[in-house]
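Before any comments, here is the structure.
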Amino acid sequence: MAKIILTGDRPTGRLHVGHYVGSLKRRVELQNSGEYDKIYIMIADAQALTDNADNPDKVRDNIIEVALDYLACGLDPLKSTMFIQSQIPQLTELSFYYMNLVTVSRLQRNPTVKNEIKMRNFEASIPVGFFTYPISQAADITAFQATTVPVGEDQMPMLEQTKEIVHKFNTVYGEALTDPSILLPENEACMRLPGIDGKSKMSKSLGNCIYLSEEPEEIKKKVMSMYTDPDHIKITDPGKLEGNTVFTYLDAFCKQEHFERYLPDYANLDELKAHYTKGGLGDVKVKKFLNNVLQEELEPIRNRRREYEKDIAYVYNMLKKGSEEAEKVAQKTLDDVKAAMRINYFDDEELIARHIAKYQNS
Ligand code: ATP
Ligand code: MG
């Protein structure tokens, strides 16, 4: 069976370091591993509109930002097909048919939807489109017959919902859809990177992000303001690692060689942690180290982005070509789905012949 990847991001802002460790970095590695037959990367504008209906310009203006971040991170249009969700009408059509296979109570139980409804203060005024977006996500994944979906931990319930739809469809109508697997980050800290406020996950909608395209000064300012252990007041106080955002980021980003370069007094992260918990190590020193680590990781991304920013027409053209290719693939799945559902009337000669026969002698 072909190995196919589908994943994507909502164009609600520039991409941040949470996207990077949760999904983007992995995509580039998978792309360059040569182990996958096809890789589809979707800019989910239709999904972004489900909770930004009154702000289409935000979505419209961020498509190019997300595409630039993709290219800056090393996604390569020769190896990965990047496309815009709304340009593939087959996805909407698939969603409509999948809606018949999901109950309202099942959607209400979806933990991601529940959480996001709370986060957005929707309460009783949830847009129907937002409520049903797990179904449209199932359409996105199955349209490309994806076998692998590399995403952050927050997407686990979405994948579960997709798998249920696939099983239901294949049971009711016959095997037409591929059952996908989630691919989570291997590193625990990368599954759900917290925001710089330490409160919840880093998220464009919460304004607690370090963006991939951020200027060096801004990165430094954000790192120096990061949430640590509120009880670690004097340097001599013992510090807590749990819920300490600076250490979570170090878990996500720091490599052995960073110590040699920026903090040679310590052999590795374990030694640094031990000193912090014992007492005698100040937050500022740890933050300065994290700043060096992040600056090193983000500099090449920022520089590559600047190169692509010089040729925006190329980026739009790349997305257009990607969307055309994606549409063909989605059409093939839609044809299979409609045949399985027996709504391909005009292609079904047996049906027409049977109905001719029925009325021939009447
Ligand atoms: P929004 O606030 O508009 O929902 P977002 O910041 O949550 O935006 P998405 O576009 O919803 O970003 O997520 C895109 C991908 O990035 C998903 O695979 C998601 O799991 C992953 N991701 C997003 N935020 C994080 C994070 N803080 N840590 C790890 N992965 C993340
Ligand atoms: Mg999100």
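Any value given below was found using the heavy atoms of this structure, including those in side chains, with hydrogens, waters and symmetry copies removed. First listed ligand is number 1; within each ligand, the first listed atom is number 1.
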So, 4.0 Å and heavy atoms of Cys190: is ligand 1 close enough to count as a contact?
yes
I'd like to check whether Asp154 has a polar contact with ligand 1, where a contact means an N/O of the residue lying under 3.5 Å from an N/O of the ligand.
yes
Can you confirm, on distance only, whether ligand 1 has an N/O atom lying under 3.5 Å from any N/O atom belonging to His19?
yes
For ligand 1, find out whether one of its N or O atoms is nearer than 3.5 Å to an N or O atom of Gly152.
yes
Would you please determine whether Met191 falls within less than 4.0 Å of ligand 1 on a heavy-atom basis?
yes
Is there a polar contact, in the sense of an N or O pair closer than 3.5 Å, between Ser203 and ligand 1?
yes
Do Tyr40 and Phe144 make the cut of ring centroids closer than 6.0 angstrom?
yes
Heavy-atom contact under 4.0 Å between Gly8 and ligand 1?
yes
Mutual orientation of the aromatic rings belonging to Phe169 and Tyr173 [parallel < 30°, tilted 30-60°, perpendicular > 60°]
tilted
Quick check: does Lys201 get an N/O under 3.5 Å from an N/O on ligand 1?
yes
Would you say Glu116 has any N or O atom under 3.5 Å from an N or O of ligand 1, going by distance alone?
no
At under 4.0 Å between heavy atoms, what of Val151 touches ligand 1? The answer is both
Under 4.0 Å from one or more heavy atoms of Gly22, ligand 1 contributes atoms 29 (C), 30 (N)
What about Gln155: any of its N or O atoms under 3.5 Å from an N or O on ligand 1?
no
Should the pair Glu309-Arg305 be classified as a salt bridge under the 4.0 Å nitrogen-to-oxygen rule?
yes
May I ask you to check if ligand 1 and Met202 share an N or O to N or O distance below 3.5 Å?
yes
Rounded to the nearest 0.5 Å, what separates atom OG1 in Thr81 from atom CE in Met318?
10.0 Å
